[in-house]
Amino acid sequence: MMGCLGCADQTTEQNANNNMESKSSVVDESAITTLRVRLSDGRYLAYRERGVPKNKCKYSIILVHGFGSSKEMSFMASDKLLDGMGIYLLIYDRAGYGESDPNPKRSVKSEASDIEELADQLQLGSKYYVIGVSLGCYPAWSCIKRIPQKLAGVALIVPFINYKWHSLPDDLTKDDYRKQLCRLMLLLTCYTPGLLHWWFTQKMFPSATVLEGNPKFFCDKDLAVLKNTDGYQLFTQDGIRKRRVFDSLRHDFIVAFSKWDFDPLELSNPYPQNESSVHIWQGYEDKVVPVQLQRHVSKTLPWIWYHEVPDGGHLLVYDTVVCEAVLKSLLLGEDPPLYRPKLAV
C-alpha cells in the first residue's frame with residue numbers, strides 16, 4: 001500500500017532524506033545547485049520551475065508531489081502547452097524529501113503552511129493554483145481548509161482516501177482490503193519501525209518488489225506505464241536502507257493516515273460565488289484508490305468538479321492528454337464529456 005501510493009508521481013531518482021528528528025539539511029550545503037527558499041522556522045524548501053517566467057505568467061501553479069517522490073516528479077503536460085497558456089509551474093520538495101529539510105513537527109496543518117509561505121516568499125501573487133497528486137493531496141485538502149482565500153483553484157489528482165475520516169460510510173469501506181492494509185501499515189510504522197525497516201531491506205523474502213508487474217495493485221494501463229518508465233524503483237533496497245530516507249517516508253505516511261483535525265467530507269463550499277473551483281480527477285480502473293469512494297466524495301461535496309478517466313488507473317500524471325485536460329479544466333473551466341462519470345441511473 002505504501003508503494004502504490006508513491007507510484008502516482010514516481011521520479012526516476014530517489015533522493016536521500018534526512019533523519020526527521022533533525023532540522024539540518026539532508027545534503028552538503030556546498031553541493032546544492034537547486035533553487036531553495038528559507039522558511040520562517042529556518043528550514044529550507046527546494047523547488048524547480050517549468051513554463052514561462054513567473055513575472056510574465058498568466059497562471060501560477062504549485063504542484064504537490066506524493067509519497068516517495070520529489071520535485072523531479074513526472075507531470076506530462078507539454079512545454080508547448082505551458083508556454084502557450086502562460087503557465088508558471090512550481091514543483092517543490094515537500095519537507096524531508098529531496099533537497100528540502102525535514103520538519104520534525106510535520107502535520108496536516110504544517111503542509112498548508114509550507115505552501116503558503118513558499119508562495120509568499122516567491123511572490124506568486126494574492127492567489128495561485130494548487131495541484132496535489134495521490135498522497136500529496138492531503139496538503140491540498142489542508143489548503144482548502146485553511147487558506148481558501150489564497151487559492152485561485154485546486155485540482156486533486158487520484159487523491160488518496162484516509163479511512164479515518166469518520167464520515168465515510170461503513171458500507172463502502174467494511175469489505176475494502178485497502179482499509180485493513182492501511183490500518184496494519186499505520187500500526188507497523190508507528191510502533192515497530194525497526195521491523196518494518198528490516199522487512200524492506202532484507203533479501204530472504206520479496207517485499208516491495210512484489211509491486212512491480214502485479215495486476216492486483218495496478219490496472220493494465222498502469223502496468224504499461226511501469227514497464228516503459230525508466231528508473232521506476234520506488235523502494236530499492238539501496239535507497240530505503242538509508243534510515244533517513246525510511247524515516248521521511250514513515251513520518252509522511254503516519255501524518256497522512258492518522259486522524260486529522262478536520263474531515264474533508266464535512267467542508268462547506270469555500271467558494272459560494274464560484275470565485276474559485278476545486279476538481280477531483282480519478283481513474284475508473286484505479287486499484288489503489290477505489291472509484292466508488294471517490295464518487296462518494298464527489299456526491300458528498302457537490303461543489304467539487306468530478307472528472308473520471310474511463311481507462312485510467314492511478315498513474316494519470318504519466319498521460320499527457322489527461323495532464324493537459326487537468327490544466328484546461330482548472331484554468332479555463334473546460335469540462336470534457338469524455339471525463340464525465342457514467343453513473344448508473
Taking every non-hydrogen atom, the tightest pair across [X] and [Y]:
X    : Y    : result
V326 : A155 : CG1-CB, 4.1 Å
E324 : S78  : OE2-OG, 2.9 Å
W260 : N162 : NE1-ND2, 3.0 Å
C57  : Y88  : CB-CB, 3.6 Å
L316 : C323 : O-SG, 4.0 Å
G96  : S248 : O-OG, 2.8 Å

Heavy-atom side-chain contact between [X] and [Y] under 4.5 Å:
X    : Y    : value
V133 : V64  : no
V288 : F217 : no
H279 : V154 : no
C219 : L223 : no

Sequence neighbours left out, what passes ring-ring contact (aromatic ring centres under 6.0 Å, His included) with H296? Give chain and number order. none
Cut-off 3.5 Å, side chains only: do S329 and E334 have a donor facing an acceptor? no
Quick one: do the E266 and H166 side chains pair a donor with an acceptor below 3.5 Å? yes
Neighbour count above 12 (heavy atom, 6.0 Å) for [X] [atom1]:
X    : atom1 : result
Y284 : OH    : no
K145 : NZ    : no
D220 : CG    : no
K127 : NZ    : yes

Answer with yes or no whether the hydrophobic clustering places Y47 together with V52; edges join I, L, V, M, F, W, Y residues whose side-chain heavy atoms lie under 4.5 Å apart. no
In terms of hydrophobic clusters joined by side-chain contacts under 4.5 Å, are I304 and Y138 together? yes
Checking side chain to side chain contact (heavy atoms under 4.5 Å, CB included) for the pair L39/Y44: CA distance, chi angles, key distance, verdict? CA-CA 6 Å; L39 304 181; Y44 283 93; over 6 Å; no
Say you draw a straight line from CG of L186 to OH of Y163; how long is it, rounded to the nearest 0.5 Å? 13.5 Å
Can you tell me how far NZ of K299 sits from CD of Q294, rounded to the nearest 0.5 angstrom? 15.0 Å
Hey, are [X] and [Y] close enough for a salt bridge, meaning a charged N less than 4.0 Å from a carboxylate O?
X    : Y    : value
D335 : R340 : yes
R43  : D114 : yes
R106 : E111 : yes
K164 : D263 : no
K150 : D120 : yes
E308 : K342 : no
E116 : R146 : no
K221 : D319 : yes

Are D261 and K109 close enough, and set up right, to give a salt bridge (charged side-chain N to carboxylate O under 4.0 Å, His left out), and what steps lead you there? CA-CA 9 Å; D261 61 336; K109 181 178 180 180; over 6 Å; no
For M76, the other hydrophobic cluster members (4.5 Å side-chain criterion, sorted by chain and number) are none
Which ILVMFWY residues can you reach from Y191 by hopping between side chains whose heavy atoms are under 4.5 Å apart? L187
Do the ring planes of H307 and W281 sit parallel (below 30°), tilted (30 to 60°) or perpendicular (above 60°)? parallel
Using the six-membered ring wherever Trp is involved, compare the ring planes of H65 and Y92 and label them parallel, tilted or perpendicular (cut-offs 30° and 60°). tilted
Looking at R178, K179, K174, which hits side chain to side chain donor-acceptor pair (under 3.5 Å) with D176? R178
Out of F67, F253, F257, which one pairs with F160 under the ring-ring contact (aromatic ring centres under 6.0 Å, His included) rule? F257
Between T189 and H251, does a side chain to side chain contact (heavy atoms under 4.5 Å, CB included) hold up when you go through it step by step? CA-CA 8 Å; T189 52; H251 281 253; over 6 Å; no
Among Y306, W305, Y271, W141, find the residue that satisfies the side-chain contact (heavy atoms from CB on, under 4.5 Å) test when tested with V278. Y271
Test Y318 against D222 for side chain to side chain donor-acceptor pair (under 3.5 Å), laying out the working first. CA-CA 9 Å; Y318 283 93; D222 285 347; over 6 Å; no
For R94 and D252, what are the C-alpha separation, side-chain angles and deciding distance, and is it a salt bridge (charged side-chain N to carboxylate O under 4.0 Å, His left out)? CA-CA 10 Å; R94 291 168 52 221; D252 196 24; 2.5 Å; yes
